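Structure below; questions to follow.
Note that this is a predicted model, so its numbers are computed, not measured.
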2 protein chains.
Amino acid sequence: MALDQTQSTFGIAELAREFGITTRAIRFYEDKGLLTPARDGQRRVYGSRDHVRLRLIMRGKRLGFSLDEIREMIDLYDVDPSEVSQLKLFIDKLQLRREQLRIQQEDIAETLAELDRLEAQSQDLLAQRASVRTKAAG
Amino acid sequence: MALDQTQSTFGIAELAREFGITTRAIRFYEDKGLLTPARDGQRRVYGSRDHVRLRLIMRGKRLGFSLDEIREMIDLYDVDPSEVSQLKLFIDKLQLRREQLRIQQEDIAETLAELDRLEAQSQDLLAQRASVRTKAAG
DNA sequence: GCTAACGTTTACGTTAACGTAAAGTTTGCC
DNA sequence: GGCAAACTTTACGTTAACGTAAACGTTAGC
């Protein structure tokens with residue numbers, strides 16, 4: 001077995017290690033309807049679908065979304081496209097998310113620009129200090 | 001006074017209206033050291049500096065930062081550049097923030113790409129449905 | 001057969017970020 | 001001078017997202 005085909009089942013501790021979270025958190029996400037692992041007797045067995053979902057959860061958290069929001073986003077991937085009216089609603093939801101993300105992009109761009117400015121200032125100051133010390137020592 | 005020079009003092013209710021939050025929240029931010037309004041007797045008087053800070057707070061919240069993190073970020077704007085060692089530490093902090101924001105950018109880009117994919121699929125489906133109905137009706 | 005390692009459920013505790021309510025003060029206005 | 005609007009402090013309540021602990025089951029290795 002050299003091919004290391006993407007692993008297809010996981011234990012809870014295994015997932016916890018991989019994502020750097022606790023098993024408590026993973027069970028909590030299940031309680032909140034974000035994960036739906038299979039069972040082997042009592043034990044939870046996570047498939048590749050859960051693995052993907054957990055990745056989406058962590059990404060959502062990094063973006064500051066609540067678990068409720070994250071669930072809504074994740075559910076977008078599983079939407080049932082049978083009803084046209086549902087489809088249109090679905091597309092509307094997509095637009096809302098998109099708009100929110102666009103705002104975040106702007107916020108990040110602004111912030112990065114300000115950080116750039118601050119760092120430039122600081123580097124200037126550092127250079128000045130360095131040159132002052134050099135001249136004083138020379 | 002036609003020039004509407006940027007307003008320089010604000011009441012708490014005024015700020016609350018402008019930013020779409022409650023006065024309670026504004027006082028809470030003060031408790032946490034994010035705002036430091038002047039006083040006119042008992043009453044808080046917010047200057048342009050507080051106004052700027054409140055904007056930064058709201059931006060930080062949109063990006064999912066905690067108030068502690070936001071305070072750290074805001075304090076970067078007021079850093080005292082007297083000590084070189086402090087300056088270097090300061091630059092390190094800037095780098096950390098930058099890295100975090102870069103990750104968020106990536107996360108957003110990924111998410112937007114997936115939303116694009118989902119929407120394209122949906123629009124396809126909608127178009128198919130529409131053409132089916134058109135043919136059935138024709 | 002015992003002990004780790006891994007897993008389970010149940011339940012109470014904790015922190016952040018406010019909401020909500022009570023009770024009082026100050027100010028402009030009629 | 002009385003009332004409403006805006007403000008104050010104090011304090012208890014609430015929600016999200018887990019942490020922590022207790023008490024128990026099961027499986028592999030020595």
Check your understanding: Hey, is the side chain of B/Tyr29 poking within less than 4.0 Å of OP1 or OP2 on C/dC18, counting only N and O atoms?
Key ->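 Yes, such a contact exists.
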
Margin query: Between P on C/dA5 and CZ on A/Arg17, what's the gap in Å once rounded to a whole number?
Written below: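 After rounding, the gap between these two atoms is 12 Å.
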
- [ ] Give a yes/no answer on whether the side chain of B/Thr22 brings an N or O atom under 4.0 Å of OP1 or OP2 in C/dG19.
- [x]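 Result: yes.
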
Atom pair distance, as rounded to whole Å: CD1 in B/Ile21 and P in C/dC18: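 Answer to the nearest Å: 8 Å.
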
Flag side-chain contact, heavy atom, 4.5 Å: B/Phe28 against B/Leu67: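 Yes. Closest side-chain heavy atoms under 4.5 Å.
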
In whole Å, I'd like the distance from the CG atom of A/Asp68 to the P atom of D/dA16.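 The distance from CG of A/Asp68 to P of D/dA16 comes to 7 Å, rounded to the nearest Å.
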
Q.
Closest-nucleotide mapping onto DNA chain C: is B/Phe65 or B/Arg43 further toward the 5' terminus? I mean the 5' end.
A.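 Nearest nucleotide further toward 5': that of B/Phe65.
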
Item checked: Aromatic ring proximity A/Phe10/A/His51, centre distance under 6.0 Å ->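 Distance test on ring centres: under 6.0 Å, yes.
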
Hey, does the side chain of A/Arg24 come within less than 4.0 Å of C/dT8's phosphate (OP1/OP2), counting only N and O?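 The answer is no; no side-chain N or O of A/Arg24 sits under 4.0 Å from OP1 or OP2.
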
### Query
Do any side-chain nitrogens or oxygens of B/Arg44 fall under 4.0 Å of OP1 or OP2 in D/dC7?
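For D/dC7, neither OP1 nor OP2 has a side-chain N or O of B/Arg44 closer than 4.0 Å.
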
Checklist entry - In whole angstroms, how far is the P atom of C/dT15 from the CZ atom of A/Phe28? => result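 So the two atoms are 17 Å apart, to the nearest Å.
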
Rounded to the nearest angstrom, tell me the gap between atom CG in B/Asp31 and atom P in C/dA16.
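Taking atom P of C/dA16 as the reference, CG of B/Asp31 is at 13 Å.
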
Can you confirm whether A/Phe65 sits close enough to A/Arg71 that some side-chain heavy atom of one is under 4.5 Å from a side-chain heavy atom of the other?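 A/Phe65 does not reach A/Arg71 side chain to side chain.
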
*Closest listed nucleotide, where the reference is the side chain of B/Leu67 and the choices are D/dC7, C/dC18, C/dT8*: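 Output: C/dC18.
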
- Task: Quickly work out the A/Lys32 NZ to D/dA17 P distance and round it to whole Å.
- Result: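 Rounded to whole Å, this separation is 7 Å.
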
Worksheet item: Rounded to whole angstrom units, what separation is found between the CD1 atom of A/Ile26 and the P atom of D/dC18?
Response: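 The distance from CD1 of A/Ile26 to P of D/dC18 comes to 11 Å, rounded to the nearest Å.
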
Looking at B/Lys61, I'd like to know whether one of its side-chain N or O atoms comes within less than 4.0 Å of OP1 or OP2 on C/dC18.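 The answer is yes; a side-chain N or O of B/Lys61 sits under 4.0 Å from OP1 or OP2.
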
**Report entry** Side-chain heavy-atom pair B/Leu56, A/Thr111 within 4.5 angstrom cut-off
**Finding:**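 With C-beta onward as the side chain, the pair stays apart.
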
